[in-house]
Q: 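This is the structure I have questions about; it appears just below.
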Amino acid sequence: MSDPKLRKKAADPVREVARDVLRAVRERDAYANLVLPKLLRERKITGRDAALATELTYGTARAFGTLDAIIAAAANRPVSEIDGDVLDVLRLGAYQLLRTRIGAHAAVSTSVDLIRSEKGMGPSGFVNAVLRKISQRDEDLWVDELAPPIWDDLVGNLAFRYAHPRWIAEVFSDALGGSAGELQAALAADDDRPPVHLVARPGLITAEELALTSGGEVGRYSPYAVYLPGGDPGDIEAVRQGYAGVQDEGSQLVARAVTAADVGEDGGRWLDMCAGPGGKAALIGAIADIDGAHLDAVEVSEHRADLIRGVTRDMPVDVHVGDARNLTPETGLAPGYDRILLDAPCSGLGSLRRRPEARWRRTPDDVTELVGLQRELLTEALRMVRPGGVVVYSTCSPHPAETTELVASVLDDVPEARQLDARPLVGTEEIGDGPHVQLWPHRQGTDAMFLAALTKE
Ligand SMILES: C[S@@+](CC[C@H](N)C(=O)[O-])C[C@H]1O[C@@H](n2cnc3c(N)ncnc32)[C@H](O)[C@@H]1O
């Protein structure tokens with residue numbers, strides 16, 4: 001290159017990988033938490049660098065909406081008028097300025113290097129100017145200027161402040177019964193970096209052994225949970241061997257509830273109707289092995305069924321590929337199950353903290369579409385369970401349409417079914433008035449899992 005001003009200045013590999021993931025998310029709707037680990041491996045980025053790349057990528061993706069509003073104000077134009085590749089760098093730079101302890105100089109200069117190394121001098125001046133403007137205030141001041149006033153629109157203000165689309169903040173508010181103080185805590189917890197929870201699969205390793213060997217801490221609620229302070233779970237020997245896995249403590253409590261319900265004489269016929277990728281099936285399968293029971297795991301997607309086979313090998317689990325809305329005898333699955341888990345396909349609004357960009361992709365229409373499927377699946381679960389058996393219906397969503405309202409409407413349609421108190425099956429304190437259980441990140445530190453237990457006469 002002849003012009004020395006245009007000569008590429010090497011960009012920081014950590015920011016470069018973060019930028020590339022953000023670009024994949026924007027350009028081809030990729031999932032950040034699938035792309036990033038792959039790129040880190042390919043580029044041999046490990047240790048503290050990998051941790052920083054993860055924090056920058058996921059933190060930026062979680063905050064897209066709020067960052068974009070601030071970028072638009074600082075650039076004096078809507079973000080739709082900013083070139084996409086430039087916007088990725090601005091988002092990454094703004095995140096560092098507003099939401100990390102990285103110094104302003106480093107945040108701006110690494111961003112300028114990033115754009116200059118790829119696009120030359122032109123856009124680097126724009127990036128420099130916009131980020132310098134953003135750096136003149138902290139996040140609170142930007143929020144005070146740009147968010148709807150708190151006295152006029154509390155939900156809108158909190159949604160902006162804690163980087164959630166407004167409709168999702170409204171759903172949380174409804175699910176929490178309209179308590180403003182709790183809504184703030186719920187959104188703040190959902191805006192935080194999520195903790196890593198491990199599951200110690202019973203009969204293979206105990207939580208105490210796993211805590212000792214992983215440097216983690218035994219969990220508060222699930223007897224199988226270990227909280228990992230940091231590091232890559234894939235480096236832990238017990239995880240590599242399949243004795244342990246990564247699983248939110250709330251999901252562990254759901255799986256355990258299925259095995260803990262009183263069903264009288266247990267014939268050992270257990271069913272997981274929507275089992276892929278197999279996190280709960282692996283925990284239920286490990287308990288089935290101890291209790292002398294057998295689990296049928298159904299999954300509609302071939303690929304996900306393969307994942308279940310991988311995590312349940314050597315367990316008394318049979319994996320069936322099929323549509324759980326219609327479990328005909330040809331599938332080999334006859335009614336009469338003692339215990340059924342229906343972990344229904346759902347909007348995932350309860351685990352947004354673990355899927356960085358998901359909150360900006362979901363729409364209220366997604367929920368409407370899922371409710372019909374959930375209703376058919378729960379009706380089929382009630383057909384497949386034997387009288388006196390238990391169906392645990394769960395979602396990783398607190399949306400009333402997918403949880404309490406869905407259960408109530410199916411109970412209206414199936415007169416022989418009734419709801420049990422699920423709280424004793426979870427066994428934690430302060431889990432509401434029942435009969436269902438709604439967990440929350442700001443209350444239990446788990447994902448916002450919902451579960452209801454049903455039986456039939
Ligand atoms: C919430 S996920 C289940 C997660 C799983 N229980 C775990 O802990 O790993 C829902 C699963 O249901 C599957 N699914 C969706 N529609 C289905 C259907 N009609 N029949 C069976 N499985 C279905 C999806 O492919 C997805 O894997």
Side-chain angles (χ1 to χ4, degrees), residues 175 250-275 280-281 283-284 287-288 291 293 295-299 323-327 333-347 350 367 370-428 431-439 448-457:
S251 290
Q252 299 177 33
L253 292 174
V254 168
R256 190 179 67 135
V258 177
T259 67
D262 180 5
V263 295
E265 183 100 1
D266 189 343
R269 283 194 69 207
W270 299 1
L271 174 66
D272 182 348
M273 285 176 63
C274 288
K280 294 182 193 69
L283 180 49
I284 297 173
I287 298 173
D291 289 3
L295 179 71
D296 285 311
V298 180
E299 167 57 49
D323 187 334
R325 283 177 293 184
N326 186 17
L327 296 171
L333 303 172
Y337 283 93
D338 300 282
R339 300 175 190 277
I340 298 182
L341 170 63
L342 171 54
D343 188 29
C346 71
S347 63
V367 178
L370 285 161
V371 167
L373 175 59
Q374 292 160 352
R375 186 191 311 276
E376 285 183 70
L377 287 164
L378 184 51
T379 306
E380 182 69 347
L382 288 167
R383 188 181 72 82
M384 294 299 282
V385 74
R386 69 157 164 84
V390 70
V391 172
V392 170
Y393 172 80
S394 64
T395 56
C396 55
S397 166
H399 196 312
E402 300 181 272
T403 58
T404 46
E405 291 170 14
L406 188 282
V407 170
S409 92
V410 172
L411 284 172
D412 274 350
D413 290 350
V414 185
E416 62 276 25
R418 70 183 166 84
Q419 193 165 358
L420 302 167
D421 188 353
R423 291 172 298 171
L425 309 182
V426 172
T428 64
I431 42 173
D433 302 330
H436 64 269
V437 170
Q438 178 63 66
L439 305 170
M449 297 292 303
F450 169 88
L451 74 143
L454 283 71
T455 188
K456 78 176 180 198
E457 311 297 336

Q: Can you name the nearest heavy-atom pair linking Leu425 to Ala261, along with the distance?
A: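 That would be CD2-CA, 3.5 Å.
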Q: What residues, two or more places apart in sequence or in another chain, satisfy side chain to side chain donor-acceptor pair (under 3.5 Å) together with Ser409?
A: Arg375
Q: Tell me which pairs pass side chain to side chain donor-acceptor pair (under 3.5 Å) where either residue lies in residues 336-347, with sequence neighbours left out.
A: Asp266-Arg339, Arg269-Tyr337, Lys280-Asp343, Asp296-Tyr337, Asp338-Arg386, Asp343-Ser394, Ser347-Ser397, Ser347-Glu402
Q: What's the shortest heavy-atom distance between Gln374 and Ala344, and which atoms?
A: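 So the two residues come closest at CG-CB, 4.0 Å.
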Q: Any side-chain heavy atom of Val426 within less than 4.5 Å of one from Leu451?
A: yes
Q: Which pairs with one or both residues in residues 448-457 pass side chain to side chain donor-acceptor pair (under 3.5 Å), sequence neighbours excluded?
A: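 Every side chain to side chain donor-acceptor pair (under 3.5 Å) pair that includes a residue of residues 448-457, provided the two are not neighbours, is Arg418-Glu457.
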Q: Taking side-chain contact (heavy atoms from CB on, under 4.5 Å) as the test, write out the residues that go with Ala324, two or more places apart.
A: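 side-chain contact (heavy atoms from CB on, under 4.5 Å) check on Ala324 returns Met273, Val298, Leu327, Leu377.
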Q: I'd like to know whether CD of Glu416 has more than 12 heavy-atom contacts from other residues, nucleotides or ligands below 6.0 angstrom.
A: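 More than 12 within 6.0 Å, yes.
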Q: So how far is it from His436 NE2 to Arg423 CZ, rounded to the nearest 0.5 Å?
A: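 Reported to 0.5 Å precision, the distance equals 9.5 Å.
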Q: Show, in sequence, the C-alpha distance, side-chain angles and deciding distance for Val392 and Leu342, and conclude whether the side-chain contact (heavy atoms from CB on, under 4.5 Å) test is met.
A: CA-CA 6 Å; Val392 170; Leu342 171 54; over 6 Å; no
Q: Can you tell me how far OG1 of Thr395 sits from CG of Leu370, rounded to the nearest 0.5 angstrom?
A: 10.5 Å
Q: List for me each residue that meets salt bridge (Lys or Arg N to Asp or Glu O under 4.0 Å) alongside Asp262, sequence neighbours excluded, and say none if there are none.
A: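 With neighbours one apart ignored, the set is empty.
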Q: Using the side chain to side chain contact (heavy atoms under 4.5 Å, CB included) rule, pick out the option among Val258, Asp272, Leu341 that qualifies with Leu295.
A: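 It is Asp272; the other options fail the test.
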Q: Could you go through Val407 and Phe450, starting from their C-alpha distance and side-chain angles, then the distance that decides it, and tell me whether this counts as side-chain contact (heavy atoms from CB on, under 4.5 Å)?
A: CA-CA 11 Å; Val407 170; Phe450 169 88; 4.2 Å; yes
Q: Do you know the tightest heavy-atom contact between Val437 and Leu439?
A: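 The pair with the smallest heavy-atom distance is CG1-CD2, 3.8 Å.
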Q: Taking atom CG as the centre, does Asp433 end up with more than 12 heavy-atom neighbours from other residues, nucleotides or ligands that are less than 6.0 angstrom away?
A: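 No - once you tally the heavy atoms of other residues, nucleotides and ligands closer than 6.0 Å, there are 12 at most.
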Q: List in chain and number order the residues that pass salt bridge (Lys or Arg N to Asp or Glu O under 4.0 Å) with Glu376, two or more places apart in sequence or in another chain; answer none if no residue qualifies.
A: Arg325
Q: Report the residues that fulfil side-chain contact (heavy atoms from CB on, under 4.5 Å) with Ala293, sequence neighbours left out, ordered by chain and then residue number.
A: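 Once residues adjacent in sequence are excluded, the partners of Ala293 under the side-chain contact (heavy atoms from CB on, under 4.5 Å) criterion are Trp270, Ala288.
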Q: Is there a side-chain contact (heavy atoms from CB on, under 4.5 Å) between Leu420 and Leu454? Walk through the geometry before answering.
A: CA-CA 6 Å; Leu420 302 167; Leu454 283 71; over 6 Å; no
Q: Checking Gln419 now: which residues fulfil side chain to side chain donor-acceptor pair (under 3.5 Å) with it, not counting sequence neighbours?
A: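 In terms of side chain to side chain donor-acceptor pair (under 3.5 Å), with neighbours along the sequence ignored, Gln419 is linked to no residue.
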Q: Of all residues at least two apart in sequence or in a different chain, which pass the side-chain contact (heavy atoms from CB on, under 4.5 Å) check with Asp413?
A: none
Q: Quick check for you: to the nearest 0.5 Å, what is the distance between Ile431 atom CD1 and Gln438 atom CD?
A: 11.0 Å
Q: Search all heavy atoms of Ala401 against all heavy atoms of Val367 and return the closest pair with its distance.
A: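 So the minimum-distance heavy-atom pair works out to CB-CG1, 4.2 Å.
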Q: Do you know the tightest heavy-atom contact between Ala281 and Ala275?
A: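 Nearest pair, atom of Ala281 first, then Ala275: CB-CB, 4.4 Å.
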Q: Using every non-hydrogen atom in the two residues, find where Ala255 and Leu283 come nearest and quote the distance to one decimal.
A: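 Closest heavy-atom pair between Ala255 and Leu283: CB-CD2, 3.8 Å.
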Q: Show your working on side-chain contact (heavy atoms from CB on, under 4.5 Å) between Tyr393 and Thr403 and close with a plain yes or no.
A: CA-CA 9 Å; Tyr393 172 80; Thr403 58; 5.5 Å; no
